[in-house]
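Remember, it's 1-based here, ligands and their atoms both numbered in the order they're listed.
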Amino acid sequence: MTAILGRSGCGKTTLMNVLTSNNRDLEASGNIYVNRVPVGSAISNFSAYVRQEDIFVGELTILEHLNFRARIQFADLDQAERDRRIQKSLKDFELKEVEHTQIGIPDLKKTLSGGERKRLSLASEILSNPKILFCDEPTTGLDSTMALKVMEVLLKLSKNGMTIVCSIHQPSSKIISIFSHLILMSKGEFAYFGSYAESITFVEKLNRPVPPLYNPADHYLGPSIYVKKSFEKK
Ligand SMILES: Nc1ncnc2c1ncn2[C@@H]1O[C@H](COP(=O)(O)OP(=O)(O)O)[C@@H](O)[C@H]1O
Ligand SMILES: [Mg+2]
């Protein structure tokens with residue numbers, strides 16, 4: 001599980017768009033490697049991307065939505081296989097109990113909680129059984145309990161072998177500690193890429209150790225780190 005952390009506007013979404021070949025307006029160069037193998041835009045054959053905003057037809061129920069998605073995306077699979085994937089997704093994201101609930105429209109006809117909506121977005125993308133899952137700020141806009149729940153479900157998927165890459169905004173210390181790896185971004189570039197544990201020693205070496213009882217994520221995004229010249233490339 002890798003977290004992409006950085007202030008708003010530092011390029012988290014742009015990086016994920018490029019990695020998933022969704023960079024429509026932005027010119028990008030280079031190649032995309034998976035396990036050192038150049039794959040380019042073929043990465044989309046075995047990865048999925050959950051954007052920050054979810055778009056649903058509010059009149060559908062959760063089950064209807066997943067069925068609709070599966071029938072469009074997997075026209076070549078038989079219905080039994082589609083049903084198997086849908087049931088697995090509902091179970092993985094703990095949506096079985098609300099499968100017949102209408103999705104609703106935020107602010108107009110609210111039915112699902114924010115956490116359930118986000119879990120449904122993830123459940124829809126997981127139907128394709130991706131090897132790599134990219135999620136843009138899956139916890140933004142959720143309260144801490146719902147955010148933790150979403151992250152715990154992602155952690156479960158990662159333990160079953162899925163590679164998860166999440167951009168994340170203001171994670172709690174509990175949420176940031178779920179990640180094994182961390183990318184810190186500043187002005188469109190990597191400031192750090194390594195294990196979460198080693199990020200603590202990394203800032204120590206910059207003479208900006210994480211203060212005792214302080215959330216490392218808050219510290220990394222705080223002014224005491226960002227004024228440090230060596231932390232920024234330019
Ligand atoms: N590596 C880059 N080179 C040039 N422009 C970039 C780069 N990364 C991001 N940008 C630009 O910076 C802006 C904010 O990026 P965005 O990815 O939305 O940030 P975030 O998701 O971290 O809030 C966008 O206008 C984007 O085009
Ligand atoms: Mg963004």
Side-chain angles (χ1 to χ4, degrees), residues 1-34 38-41 43-44 47-56 106 114-115 117-122 124-126 130 132-144 146-148 150-151 153-154 158 163-173 175-194 196 199 202-203 208 215-234:
M1 281 193 75
T2 300
I4 305 179
L5 196 66
R7 287 181 172 179
S8 189
C10 74
K12 301 183 291 298
T13 302
T14 309
L15 174 65
M16 293 230 234
N17 288 350
V18 169
L19 289 178
T20 54
S21 289
N22 280 295
N23 50 315
R24 289 191 186 91
D25 312 320
L26 192 76
E27 212 178 288
S29 57
N31 208 332
I32 298 166
Y33 291 78
V34 174
V39 294
S41 58
I43 191 170
S44 51
S47 66
Y49 183 24
V50 182
R51 289 165 180 282
Q52 196 176 345
E53 302 82 23
D54 12 66
I55 303 161
F56 294 119
R117 260 183 98 83
K118 185 47 80 182
R119 295 207 308 272
L120 179 56
S121 285
L122 292 159
S124 320
E125 293 306 329
I126 237 71
I132 313 172
L133 181 67
F134 294 93
C135 313
D136 197 7
E137 302 203 17
T139 58
T140 297
L142 304 182
D143 66 38
S144 55
M146 286 191 203
L148 192 60
V150 167
M151 290 316 302
V153 178
L154 289 175
S158 89
T163 297
I164 312 248
V165 183
C166 285
S167 72
I168 200 137
H169 188 64
Q170 292 191 316
S172 66
S173 49
I175 284 181
I176 194 71
S177 68
I178 287 178
F179 290 93
S180 58
H181 289 78
L182 187 65
I183 294 170
L184 279 175
M185 287 190 73
S186 171
K187 296 182 182 167
E189 295 190 45
F190 283 17
Y192 175 82
F193 179 27
Y196 171 66
S199 70
F202 175 74
V203 292
R208 293 287 191 280
N215 176 357
D218 285 344
H219 181 62
Y220 297 160
L221 299 182
S224 67
I225 284 289
Y226 269 67
V227 292
K228 183 90 175 140
K229 268 273 180 300
S230 65
F231 211 67
E232 291 184 1
K233 272 257 163 87
K234 291 171 200 127

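In terms of polar-atom proximity, defined here as any N/O pair under 3.5 Å, L15 makes no such contact with ligand 1. Checked by distance only, ligand 1 and L26 stay at 3.5 Å or farther apart across all their nitrogen or oxygen atoms. Ligand 1 has a nitrogen or oxygen under 3.5 angstrom from a nitrogen or oxygen of K12.
Put simply, atom 4 (C) of ligand 1 has no protein non-hydrogen atoms near it, under 4.0 Å away. Protein heavy atoms are found inside the 4.0 Å sphere centred on atom 17 (O) of ligand 1.
Of the protein's heavy atoms, T14 OG1, 4.2 Å lies nearest to atom 24 (C) of ligand 1. For atom 19 (O) of ligand 1, the closest non-hydrogen atom of the protein is G11 N, 3.1 Å. Among protein heavy atoms, the minimum distance from atom 14 (C) of ligand 1 is reached at G9 O, 3.6 Å. Nearest protein heavy-atom neighbour of atom 2 (C) of ligand 1: G188 CA, 4.5 Å. At the shortest separation from atom 21 (O) of ligand 1 among protein heavy atoms lies T13 OG1, 2.7 Å.
Separation of atoms OG1 (T163) and CZ (F134) is listed at 9.0 Å; rounding is to 0.5 Å. Distance CG/L19 to OH/Y49: 9.0 Å, rounded to 0.5 Å. Rounding to the nearest 0.5 angstrom, the gap separating the CG atom in N22 from the OG atom in S44 is 8.0 Å.
Under the 4.0 Å criterion applied to side-chain N and carboxylate O atoms, K118 and D54 are assigned as salt-bridge partners.
Side-chain contact between M185 and F190 is present, with at least one heavy-atom pair separated by less than 4.5 Å.
Although no hydrogens or angles enter the test, the distance criterion places a donor-acceptor pair under 3.5 Å between the side chain of S167 and the main chain of E137.
For the ligand labelled ligand 1, residue G6 lies outside the 4.0 Å heavy-atom shell.
Residue S8: no N/O/S atom is found under 2.8 Å from the Mg ion (ligand 2).
A pairwise comparison of heavy atoms in F179 and T2 identifies CD2-C, 3.4 Å as the closest pair.
The neighbour count for Q52 CD, taken as heavy atoms of other residues, nucleotides or ligands under 6.0 Å away, is above 12.
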